[in-house]
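Here the structure is laid out as structure tokens; the discussion comes afterwards.
Values below: all heavy atoms of this structure, side chains included; hydrogens, waters and symmetry mates excluded.
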Amino acid sequence: MDGIAELRARYLAQVADADSPEALEAVRLAALGKKGEISAKMRELGRMSPDERKAAGPVLNALKDEIDAALRARRAALDARLAQEWLDITLPARPRRHGTIHPVSQVMDELTAIFADMGFAVAEGPQVESDWYNFDALNIAPEHPARQEHDTFFMHRAEGDDRPPHVLRTHTSPVQIRAMQAHGAPLRVIAPGRVYRMDMDQTHAPMFHQVEGLAIDRDITMAQLKWTLEEFCRAFFEVDAVELRFRASHFPFTEPSAEVDIRCSWSGGQLRIGEGDDWMEILGSGMVHPAVLRAGGIDPDRWQGFAFGLGIDRIAMLKYGIPDLRAFFESDLRWLRHYGFAALDMPDLPRGLSR
Ligand code: DAH
């Protein structure tokens, strides 16, 4: 019979080259499948004379057995390799952490989880901000004393450029304006991020973090502000019995405005939220001033809303018992290992925020 040697060489080479079970199966079908080349040769035996068949039969059978054996051997080799390269991606990560999540990032993730659950999206804005977004749009006129109180860092302008200088944003409130402009009403966002003021002592750093909250709809009231903040504190501090106290205050961008205190005790130098007779201020809030809505392109006759702003570093210190704010930004590895969080433990509400 012609071509047996060629057939043998070709299929043995293909078997050797197949490097997946699928490729190997394709070779098997081409050679030994119903419509395979060797099977076709086997069928030719039927049309041969008895003498021819006697010669060709054993040769073909031997070829078939040889290819079959080669296929099996190759398959076993592939299976062995797959078994060896197997990787269980469900294995938990090793607990010892070379890098850790900074408490500020952890708290931002916690805030995001809590407010996402209440339907708030996360909004962002630039840290180098125009004075319009940082002040004017928030109803802080150029001569307003709040401008001085903010201890603002001003950016440099080129010689002869007498436009007002940009500033390092002194609060996250300008993101309210950007979010209103970008999305209109109704709107529910929080905006966590870095802010800057010229200030430095045990409880102040020139760069720190705030989160802004903003909810705008047809009939938002202070009752909803109070509920939202209580719900947030309950989830964040992981205590059911939180109690908040609203104290009348003043911010240019809200009317009425309130500072919010949380009930706590300091007995034995340890802070307990939700019990005791002390009150600790944690945030500023109020109903969004009509001028602010207008600056954001929203009609104050049709929409109203509440807003609040709170210091992230401060609530991180409170929740996790961290005494000195300055250590937050010193990148001391021992501090980071002590106060940091495992990288793969993303906070979520069902599992608990800070396991
Ligand atoms: N922007 C204020 C600050 O940095 C905090 C604040 C107070 C934000 C009241 C608000 C608010 O949205 O309603 O001190």
Side-chain angles (χ1 to χ4, degrees), residues 102-105 107-108 111-112 121-183 187 189-214 249-254 257 283-284 286 288-289 291-298 307-317 324-332 335-336:
H102 194 284
V104 169
S105 304
V107 167
M108 283 189 184
L111 289 166
T112 304
V122 172
E124 286 181 321
Q127 294 175 38
V128 175
E129 191 52 285
S130 74
D131 73 337
W132 188 82
Y133 279 104
N134 196 79
F135 294 120
D136 302 69
L138 291 160
N139 201 31
I140 311 175
E143 66 286 358
H144 197 289
R147 289 221 182 188
Q148 276 68 57
E149 285 161 23
H150 275 216
D151 302 315
T152 312
F153 286 107
F154 293 94
M155 306 299 288
H156 190 68
R157 280 259 186 232
E159 194 83 39
D161 185 343
D162 47 13
R163 289 173 299 168
H166 279 52
V167 301
L168 291 180
R169 69 179 178 194
T170 58
H171 49 180
T172 43
S173 303
V175 187
Q176 287 188 32
I177 307 295
R178 292 184 175 274
M180 288 188 244
Q181 290 177 333
H183 306 293
L187 185 62
V189 289
I190 58 163
R194 293 185 164 185
V195 300
Y196 302 83
R197 291 184 199 180
M198 257 182 284
D199 211 346
M200 182 74 169
D201 61 30
Q202 204 191 332
T203 54
H204 295 92
M207 185 279 295
F208 57 105
H209 301 81
Q210 289 186 335
V211 60
E212 196 76 12
L214 176 68
S249 181
H250 176 263
F251 299 103
F253 27 89
T254 43
S257 304
L283 59 89
V288 182
H289 195 289
V292 173
L293 291 171
R294 232 175 273 122
I298 289 177
F308 59 87
L310 108 168
I312 291 181
D313 317 85
R314 192 165 143 73
I315 60 168
M317 291 169 78
D324 188 339
L325 177 68
R326 285 168 298 193
F328 271 61
F329 312 119
E330 280 170 356
S331 306
D332 178 336
W335 188 93
L336 290 169

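- Distance check: Asp131 CG to Met155 CE gives 13.0 Å after rounding to the nearest 0.5 Å.
- Between the Glu212 side chain and the Ala191 main chain, no donor and acceptor come within less than 3.5 Å of each other.
- When all heavy atoms of Ser130 and Val167 are compared, the closest pair comes out as O-CG2, 4.5 Å.
- Taking each heavy atom of Phe328 and Asp313 in turn, the nearest pair found is CZ-O, 3.8 Å.
- A donor-acceptor pair is defined here as one N or O able to donate and one able to accept, closer than 3.5 Å; such a pair exists between the side chain of Ser257 and the backbone of Phe251.
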List the steps and the verdict of side chain to side chain contact (heavy atoms under 4.5 Å, CB included) for Val107 and His209. CA-CA 10 Å; Val107 167; His209 301 81; over 6 Å; no
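- Interatomic distance, Glu129 CD to Thr152 OG1, rounded to the nearest 0.5 Å: 12.5 Å.
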Report the C-alpha separation of Phe253 and His171 in whole Å, then their side-chain angles, then the decisive distance to 0.1 Å, and conclude whether the ring-ring contact (aromatic ring centres under 6.0 Å, His included) test is met. CA-CA 12 Å; Phe253 27 89; His171 49 180; 5.8 Å; yes
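- For the pair Arg178 and Tyr133, the cation-pi criterion (under 6.0 Å, within 45° of the ring axis) is fulfilled.
- Across every non-hydrogen atom of His144 and Asn139, the tightest pair is CD2-O, 4.5 Å.
- Without hydrogens or angle criteria, Asp151 side chain to Arg197 main chain gives no donor-acceptor distance under 3.5 Å.
- Atom CD of Gln181 has more than 12 heavy atoms from other residues, nucleotides or ligands within 6.0 Å.
- Between atom CD1 of residue Ile312 and atom CE of residue Met108 there is a gap of 4.0 Å, rounded to the nearest 0.5 Å.
- Judged by distance alone, the side chain of Arg194 and the main-chain N or O of Arg169 form no donor-acceptor pair under 3.5 Å.
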Quick one: do Met207 and Phe329 satisfy side chain to side chain contact (heavy atoms under 4.5 Å, CB included)? Show the steps, please. CA-CA 9 Å; Met207 185 279 295; Phe329 312 119; 3.9 Å; yes
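- Shortest non-hydrogen contact noted between Ser173 and Leu138 is CB-CD1, 3.6 Å.
- The CD1 atom of Ile298 lies 5.5 Å from the CE atom of Met180; values are rounded to the nearest 0.5 Å.
- Counting heavy atoms from C-beta outward, Leu168 and Val128 have side chains that approach closer than 4.5 Å.
- Of the inter-residue distances, the one linking Thr170 atom OG1 with Phe135 atom CZ reads 4.5 Å to the nearest 0.5 angstrom.
- With rounding to the nearest 0.5 Å, the separation of OG1 in Thr172 from CD1 in Ile190 is 10.0 Å.
- Closest non-hydrogen pair, Met317 versus Leu325, comes out as CE-N, 3.6 Å.
- Between Tyr196 and Phe153, the ring planes lie perpendicular to each other; the angle is over 60°, past the 30° to 60° tilted range.
- Across all non-hydrogen atoms, the minimal contact from Ile177 to Ala295 is CG2-O, 4.1 Å.
- The closest donor-acceptor contact from the side chain of Arg157 to the backbone of Pro164 lies under 3.5 Å.
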